[in-house]
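A short write-up of the structure that comes next.
Residue numbers begin at 1 in each chain, while the letters A, B, ... track the order of the sequences. No experiment lies behind these values; they were computed from the predicted model shown.
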Amino acid sequence: MSWRYSGARCSRIPRVGSSWNFLQSVQYGRTGNPSIFSSPDILFKFEADHILSNDDSMSAEEDLESSVLFGSLKGSVVGLRYYTGVVNNNEMVALQREPDNQYDHNAVKVNNVNGDQVGHIKKELAAALAFIMDRKLARIEGIVPYGARNAFIMPVNLSFWGSQENKQAVLQQMQLHGFKLAPGFLLASSQFNFASGPNMKASVIPAVQMTTEQLKTEFDKLFEDLKEDDKTQMMEPSQALGTVLLPHQKHALAWMVSRENSNELPPFWEQRNKLYYNTLTNFAEKEKPDTIRGGILADDMGLGKTLSVIALLLTNFHGGQPFPIAKASTKLKKESVDVEMYGETSKHSKGKKENPTNSQGPSSSQTSSKRPKRKPGKKAKYTYSSDSENDCQIIPQKIKASAFPEEDVFAVALSWETPTEKKKSKTQKGPSTTGSSIPKTLSSSTSGEQRRTTLIICPLSVLSNWIDQFEQHVKPEVQLNICVYYGPERSQDPNVLSQQDVVLTTYTVVTHDYTRKTDSPLHKVKWLRVVLDEGHTIRNPNAQQTKATHSLVAERRWILTGTPIQNSLKDLWSLLSFLKLKPFTDREWWHRTIQRPVTMGDQGGLSRLQALIKNTTLRRTKTTKIKGKPVLQLPGRKVFIQHIELSDEEQRIYNSVRDEGKAVINKYFNEGTILTNYADVLVVLVRLRQLCCHPHLVSSSLTSTASTKSGAPGELYEKLVNKMKIVLSSGSDEECAICLESLNMPVITHCAHVFCKPCICQVIHNEQPNAKCPLCRREISGGDLVECPEEESDSTMKQDQKWMSSSKINALLQALIKQRNKDPQVKSIVVSQFTGFLTLIETAIRESGFIFTRLDGSLTQKKRTEAIQSFQSSDAHSPTIMLLSLKAGGVGLNLTAASRLYLMDPAWNPAAEEQCFDRCHRLGQTKDVIITKYVVKDSVEENMLKIQDKKREVAAGAFGTKKPTPSEIKQARIAEIKTLVDL
DNA sequence: ACCGCCGGGTGCC
DNA sequence: ACCGCCGGGTGCC
């Protein structure tokens, strides 16, 4: 049985140790108003974006985080009578270059918030501005102080924003044309200066490194000041839901239902007389802006966002009514209905579902036979061909999914194909269908026009989770039509889709259809609801998938994400734009009204942001309280460090390798070549760490580190690849010294430094033709980069050695056996960074009679799932031990069956350890979790703990800390090495 | 008058 | 635009 999970991710996952810029508070001095605005503890600039940015629409967008006010100027807008756009007093306007204007190539258009042209900037001024705008020296914003009644021309107050280094050029250019910028900001009619004078310079941007966890905290502070006026209302779900909701889930349901049925004006809009006013831009229009029927459900991971959405679509189907539940008679009838299953006709048997527990996640080993629609045996055949490492390119070979109407039966989705089925004749060409059948009266009795379908878009890796959760939580008698829109033979008929209740698909599919199909069925359907799961996938405004999702037509729109702001405030734009929140659908208005003010520390901007979030977002964290109780009560977690003493023999080997290594490293220090030989240093460290675990781990391949200079290119390649593998497997920092993030597509330079391929390519491109390695300044070129070949299982161990135990293994065994004597049911996870060590441990625990399973990076997707499921099973003969490699599995990995975890070797990065602990200490865990960290006394491992502490310290005191410069990174690395080898 | 002044025509870029 | 600018009409007091 089982749906397979593809570990593939189409999105970038949150990384630990990303770089943030935290904007300090800015004090705006103004006479009579000496208020000191408190610092918004968010805000944030994401560094790596410039690599991707090929901006289209926006001018001078880059670096807006560091933009300062150059000054302001009064100008005029002319030619009003030729255009339809109107503006109110104090309304914001946008300037747009019009180089192709036949009368003046310097022409600058002036548009209102709606994008309608109002007029042109007077030509003399335009001549000055064109130069600045074309070169993106400044972003120029306009406010029309008095625009309501002007027939021919109107005044406009322009303010100029840009990065400090462009200020002089801008002032000069203006002066050249006889214009002088006044300092300060011309706000509306009354010109008051804010942010003028010496204080202006205060917008320095110290950057800090924050863990994802910390960023979340910063984000959550936004919510702190919101007064709790939502009375935490709760709502009982429809009968169709077979699961009892937790209180916070009932609250989410109430919130979502009320938002979907709301008629309120969107935030920042109010009705004045016959017009609708936007209070941010002072724009007004006759038409009522669309109500936002949806929002962002930003609950922390593990709080049940998926379940909340399933509850929503059952409870608020349409017209505020719940989804209809079949009556008994209908049910009986249905059980005997023939179902089309990939051309094969089969009767299906009714399963039963008794699963009131609110469990979630892929763990559910009991998800089979929950629904009456499916033959249990079939389910197992759902396979993805995901052997490709290239996440986004995975094309399933076997899953076929879609649905189409038959005479009076809908044969539906969740379909798959097996070799045996395949040989059977297909009764129709085109998409195969299978699954449940539904009498038309039930499923599509609605008048043709009524929207009924919810489209759910998620990364491929969680697609099966959705399927599981539907099975788990929807009562079997509820005939919900679900179609998985995925696979090469997915139906191209929009009518098929619009007759479903739920269509599940992935971002990749949506994007693919959007970009390559002339008419994508997904984009033709008028959806009742579109739900974006892991909605932060669309945070890049320029990404195709962002555009693809933005262009879907839906009445209600939801975004699910645990991290609405992943890197910077910028991330929110795509989400709000997806919600069709006027005027934020246009990035300029978002930027002017929220992003720029907030990043500059403007109090008003911050409160607007708060109002906005409050209006659109529901967020609870694990510690959020509802009626005084935390939403989730996780069992306790204790971490013990157990110190290990090596045996005399082990110690002897360790000492000799350590002394030899120290000598080498010392030599590098004295030569000042420590960084040029960084990979060699890592080799020493890895060997020492391995020796702490088991002497046999030290392989001969790693031993040969002496740089034997050789001319053979093949040999050099081998050596570089080998070094890169060491760096990657060393668990050292794994971060790229350029973007400071986890390595993405690692490549190694000839000087043996590893970077993200995109990062180093960018550097090489920028510094052409004399690019140098950022770490050691040796010359490099694009052709020198060596990529990491496909991962093969590490065979670094000496094969022919006879197995023996080690001090650490002994300690582990002792603990495991003791635990087994106390309670044989308790399950344990044994974690190491060295898969070879896991193999050695295997022998030991096998001999002691433990049943175990193993999960590491080398497993195929299928085997992975098998390993997880067998371990999670409560079956009496199921494994009680999981051998886990530290990095195996993403954040989603759920191993709650275990309540003990043994970390065999300390990780370089404390956050990696934490993430690992969370795999069993998470929702679904019922027991207190006890974690044991083994650390060899007086060894490199103890020194690693020191480094961990230091890293935690740095992370904790993150605020106000400067972004490290490249040389500081180097220094830090050198210091780390010193600490590690006691130099 | 190679001016001033008047008043009509006219009007973005 | 209840402006400015243009160019034609006009010209003592």
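Across the protein-nucleic acid pair, Arg149(A) atom CZ and dC2(C) atom P stand 16 Å apart, rounded to whole Å. To the nearest angstrom, P of dC13(B) lies 11 Å from CD1 of Ile121(A). Atom pair Asp100(A):CG and dC12(B):P shows a separation of 20 Å (rounding to whole Å applied). Between the P atom of dC13(B) and the CG atom of Leu95(A) lies a distance of 14 Å, rounded to the nearest Å. The NE2-C1' distance, from His120(A) to dG11(B), rounds to 15 Å in whole Å. The interatomic distance linking Gln102(A) (CD) with dC12(B) (P) rounds to 13 Å, in whole Å. Asn106(A) has its CG atom 17 Å from the P atom of dC12(B), to the nearest Å. Here the C1' atom of nucleotide dA1(C) and the CG atom of Asn150(A) are 12 Å apart, to the nearest Å.
Inspection of the His105(A) and Glu98(A) side chains reveals no N or O donor paired with an N or O acceptor under 3.5 Å.
Counting distance only, with no hydrogens placed and no angle test, the side-chain atoms of Tyr82(A) and the base atoms of dC13(B) include no donor-acceptor pair under 3.5 Å. Below the 3.5 angstrom threshold, one finds no donor paired with an acceptor across the side chain of Asp104(A) and the base of dC13(B).
Between the side-chain ring of Phe152(A) and the base of dG11(B), no stacking contact exists by the 5.5 Å and 30° definition.
A gap of 22 Å separates the P atoms of dC5(B) and dG9(B), to the nearest Å. Separation of the C1' atoms belonging to dA1(B) and dC6(B) is 15 Å when rounded to the nearest angstrom.
Relative to the ring axis of Phe152(A), Arg81(A) does not place its NZ or CZ within 45° and under 6.0 Å from the centre. For the pair Arg451(A) and Trp527(A), the NZ or CZ position fails the cation-pi test of under 6.0 Å to the six-membered ring centre and within 45 degrees of the ring normal. In this structure, Arg135(A) satisfies the cation-pi test against Phe131(A), with its NZ or CZ atom closer than 6.0 Å to the six-membered ring centre and inside 45 degrees of the ring normal.
At a threshold of 4.0 angstrom between heavy atoms, the contacts of Lys109(A) with the nucleic acid are absent. Among the protein residues, Ile153(A) comes within range of no part of the nucleic acid, since none of its heavy atoms lies under 4.0 Å from any strand.
In this model, the phosphate group of dC13(B) is approached by a side-chain N or O of Lys123(A) to a distance below 4.0 Å at OP1 or OP2.
Pair check for dG11(C) finds dC3(B); Watson-Crick or G-U wobble, both atom distances under 3.5 Å.
Salt-bridge formation is not detected for the pair Glu588(A)/Arg596(A): no Lys NZ or Arg NE/NH1/NH2 atom is positioned less than 4.0 Å from an Asp or Glu carboxylate oxygen.
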